[in-house]
Undergrad: 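Pasting a structure here, questions to come.
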Amino acid sequence: MTFDRSELIEEARSTGTVAGLPRGHFIDGRIVASVSGREMESSDPGRGAPFASVAAGGAEDVATAVAAARAALSGPWSRMTPAARGEILMRASQLLCERAARFAVVETLDSGKLLAESEGDVGGVVRTFAYYAGAADKLQGDSVPLGPDYLGVTIEEPVGVVAQIVPWNYPLSTAARGIAPALAAGCTLVVKPAEQTPFTTLMLAELLHEAGLPDGVLNVVAGTGAEAGAALVAHPGIDHITFTGSVATGQRVMRAAAEHATRLQLELGGKSPVVLMADCEIETAIEGVIGAIYENAGQICSAGSRLIVEKAIAENVLGRLVARVEAMTLGHGLGDAAIGPINSVQQLARIESHVERARAAGNRILTGGSTVRPEDCGGGWFYRPTIVLARGLDDPLVQEEIFGPVLTVQIVSGLEEAIAAANATSYALVAGIYTRDHAQAWRFARAVDAGQVYINEFFAGGVAMPFGGNRKSGFGRAKGMAGLRSYCKLKSVVARL
Ligand code: NAD
């Protein structure tokens, strides 16, 4: 197996794939085929062509994986100290650091994202495992003052078997931000990666096993949402569901969870605002806006997909933004382009239909607004970075998540109107503001409904900062100590002395 970065890139370029990918589910400590024997293909979005096949799981595979996870709850894993669990996570972090190039190249082939972005994601996952390695033995409860005749304490216990459903836009990072804290808390898991991007999650399961995780503690079932995903969230052997994906699927998962009153956390979509006040540092703000919407070709739940700009600087900002965007190159994630492909042909069609509807309704498209075929990319799936002016607060471009490189622009007259515009959708995931006036920034931070607010740097933070949404963006928190407590159930114990 190759771990060298340039050799891997050369292998991927010349063969269209990399050798040694896990092709089955990871259940009870080993790679296995589907009970049905079925397989599915995963495509390289940069070429628009299949690059590897993997097992396609169904209800039988899910049942085997859940049984393995339940059995592992009372196996050697349950007798390990929190510190010993932390050591396994730390070894996994180190192994991943050694193999970062392999994970990054596979992530780029599977998801389409630029290699530099995949490398950034893998680096973040190395840090995620290190963070939760250190947190495993710090899950302390409280002692509660009940007077001289009682002793009251709270104990954080692992919630049990966790089902995690992962989307295709950040396959490894999203899987890791559930797996690492759940393992630190002492849970076991069954993870279902998105059908478009199964490989790095399977590789992570192999790696964790190599780092010392006992059999059955982490299981991965590949397959579609309709088959493997639906069977997993409906399984009575699951104690907690972590779902990341679209609102419509999240609502379906919520209904399935209700059947067995299963605990649930939902990380859904967004239509997040980036506010530029007239006094902002314009160059910094423009780079912030570009990163917020065009990273991963806009396929980010927390993308800054709405630019809310104060009228006094709107013309200047839009002129510079359009010039900057028109200089961006598109191409395969393994090349040196500024924007990579869209993950699937279906997602490309969704983006196109949003923009075509806006064009028909009379929205002014300042740049982009079409698909494109970069030279070296065969039948790859690409959409030009696009900027469109909104027609009002009820414009679908303001209200609906597009999940692509499309920036909607709203022009406002001051902070109060910016806050009203920021809060005018049913989503509430993240929000950003650029201003030199910190009092203004903090007024915005207090008034905006969002799980996280960024001041003068969009996406600032990291694994230590809790992440999650409000309203249609979901509920529950990943990352940070809040993410760890998501995988715990609190027990109160009171003794009469
Ligand atoms: P999706 O809802 O179609 O699929 C997400 C996952 O759910 C996939 O693994 C899919 O196989 C599975 N799934 C589908 N139907 C299912 C069912 N009936 N039961 C159980 N699982 C099922 O979403 P997507 O198109 O893959 O991802 C894009 C969406 O995810 C966007 O709306 C985006 O905003 C959101 N997202 C949110 C976050 C966040 O942290 N808030 C992060 C990434 C993506």
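Read the numbers this way: they start at 1 and go in the same order the structure lists the ligands and their atoms. The first residue in the sequence is number 1, and the count goes up from there.
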Undergrad: By number and element, which atoms of ligand 1 are closer than 4.0 Å to a non-hydrogen atom of Thr249?
TA: 1 (P), 2 (O), 3 (O), 13 (N), 14 (C), 15 (N), 16 (C), 17 (C), 22 (C)
Undergrad: Only heavy atoms of Glu195, strictly under 4.0 Å: list the atoms of ligand 1 that pass.
TA: 10 (C), 11 (O)
Undergrad: Starting from atom 8 (C) of ligand 1, what is the nearest protein heavy atom, named by residue and atom, and what distance separates them?
TA: Val166 O, 3.5 Å
Undergrad: Should Glu107 and Lys113 count as an ion pair when the cut-off is N to O under 4.0 Å?
TA: no
Undergrad: Specify side chain, backbone, both or neither for Ile300, according to which of its non-hydrogen atoms lie closer than 4.0 Å to ligand 1.
TA: neither
Undergrad: Judged by non-hydrogen atoms, does Gly469 sit under 4.0 Å from ligand 1?
TA: no
Undergrad: Please lay out, stage by stage, how Tyr487 and Thr242 fare under the test side-chain contact (heavy atoms from CB on, under 4.5 Å).
TA: CA-CA 10 Å; Tyr487 296 101; Thr242 297; 2.8 Å; yes
Undergrad: Can a salt bridge be assigned to the pair Asp239 and Arg263 using a cut-off of 4.0 Å between side-chain N and carboxylate O?
TA: no
Undergrad: Among all protein heavy atoms, pick the one closest to atom 13 (N) of ligand 1 and tell me residue, atom and distance.
TA: Gly225 CA, 3.4 Å
Undergrad: Can a salt bridge be assigned to the pair Arg99 and Glu210 using a cut-off of 4.0 Å between side-chain N and carboxylate O?
TA: yes
Undergrad: Do the charged groups of Arg477 and Glu267 touch, with an N to O distance under 4.0 Å?
TA: no
Undergrad: Are there protein heavy-atom neighbours of atom 11 (O) of ligand 1 below 4.0 Å?
TA: yes
Undergrad: Look at Glu227 together with Arg38 and state whether they make a salt bridge at an N to O cut-off of under 4.0 Å.
TA: yes
Undergrad: For atom 34 (O) of ligand 1, what's the nearest protein heavy-atom neighbour? Residue, atom name and distance, please.
TA: Glu401 OE2, 2.6 Å
Undergrad: Counting each atom of ligand 1 from 1 as listed, which ones have a heavy atom of Phe467 under 4.0 Å away?
TA: 40 (O)
Undergrad: Just which atoms of ligand 1 are under 4.0 Å from any heavy atom in Ala194?
TA: 9 (O)
Undergrad: Does any N/O atom on Lys192 come nearer than 3.5 Å to any N/O atom on ligand 1?
TA: yes
Undergrad: Does any donor atom in the side chain of Asn296 or Asn169 lie under 3.5 Å from an acceptor atom in the other side chain?
TA: no
Undergrad: Nearest non-hydrogen atom to atom 38 (C) of ligand 1 belongs to which of Cys301, Ser173, Ser302, Gly223?
TA: Cys301
Undergrad: For ligand 1, which atoms sit closer than 4.0 Å to a heavy atom of Asn169?
TA: 43 (C), 44 (C)
Undergrad: Between Arg177 and ligand 1, find which residue part has any heavy-atom pair under 4.0 Å and reply side chain, backbone, both or neither.
TA: side chain
Undergrad: Taking heavy atoms and a distance under 4.0 Å, where does Ile165 meet ligand 1: side chain, backbone, both or neither?
TA: side chain
Undergrad: Looking only at distances, can you tell me whether any N or O atom of Arg350, backbone or side chain, sits closer than 3.5 Å to an N or O atom of ligand 1?
TA: no
